[in-house]
Amino acid sequence: MPQRSAVIASRVGLHARPAAVFVKAAAATGLEVTIGRPGSEPVAADSMLEVMTLGAGHGDEVVLSAEGDGAERALEDLVALLATDLDA
């Protein structure tokens, strides 16, 4: 299962609007995508509630993984999204 690390660029972290944008993008991949903080259990990236419970703040590292055809490309796109300040 491919994995990628990303650093949260949004000023408020993965909360409210940035989380909603990320969850929508993760769901749009059509793949099983997970997100987690290093050393913790990953959660479903297409679940707003689960993503917000991570408590990932600005500058925090998260690990994404995906399974299925196109997983590498999907992870690259999601990492690029998290590296953008979605509040700007």
Side-chain angles (χ1 to χ4, degrees):
M1 178 181 302
Q3 289 187 333
R4 296 283 185 281
S5 292
V7 175
I8 307 298
S10 292
R11 293 181 308 254
V12 296
L14 280 180
H15 184 68
R17 183 180 182 285
V21 171
F22 172 76
V23 166
K24 183 176 179 180
T29 68
L31 303 172
E32 184 178 326
V33 180
T34 61
I35 183 172
R37 297 177 85 174
S40 69
E41 193 68 29
V43 300
D46 62 353
S47 168
M48 182 71 168
L49 181 61
E50 291 186 31
V51 168
M52 290 186 64
T53 62
L54 284 175
H58 174 76
D60 287 349
E61 181 182 359
V62 292
V63 178
L64 302 170
S65 39
E67 194 169 333
D69 290 338
E72 296 279 348
R73 176 62 188 195
L75 289 176
E76 289 173 17
D77 292 344
L78 292 171
V79 165
L81 184 64
L82 292 175
T84 303
D85 184 354
L86 299 173
D87 289 320

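Excluded from the calculations below are hydrogen atoms, water molecules and symmetry mates; all remaining heavy atoms, backbone and side chain alike, are included. Residue numbers start at 1 and run along the sequence shown.
- For the side-chain hydrogen bond (donor to acceptor under 3.5 Å, both in side chains) test, residues two or more places apart in sequence or in another chain that qualify with E72 are R4.
- Of all heavy-atom pairs between L54 and G36, the closest is CD2-CA, 4.1 Å.
- Applying the side chain to side chain donor-acceptor pair (under 3.5 Å) test to residues at least two apart or on different chains, the pairs with a partner in residues 11-23 are R11-D85.
- With hydrophobic clusters built from ILVMFWY side chains whose heavy atoms lie under 4.5 angstrom apart, V63 does not share a cluster with V79.
- The heavy-atom pair separating A66 from V33 by the smallest distance is CB-CG2, 4.0 Å.
- Applying the salt bridge (charged side-chain N to carboxylate O under 4.0 Å, His left out) definition to pairs two or more places apart or across chains, none involves residues 18-31.
- Residues passing the side-chain contact (heavy atoms from CB on, under 4.5 Å) test with V51 are L14, A19, F22, V23, I35, sequence neighbours excluded.
- For residues 42-65, every residue pair satisfying the side chain to side chain donor-acceptor pair (under 3.5 Å) rule, not counting sequence neighbours, is listed here: S5-E61, T34-S65, R37-D60.
- Counting heavy atoms from C-beta outward, V12 and P18 have side chains that approach closer than 4.5 Å.
- At distances below 3.5 Å, not a single donor-acceptor pair connects side-chain atoms of T29 with backbone N or O atoms of A25.
- Closest approach of A56 to I8, counting heavy atoms only: CB-CG1, 4.2 Å.
- Remark: D77 pairs with R73 by the side-chain contact (heavy atoms from CB on, under 4.5 Å) rule, at least two apart or across chains.
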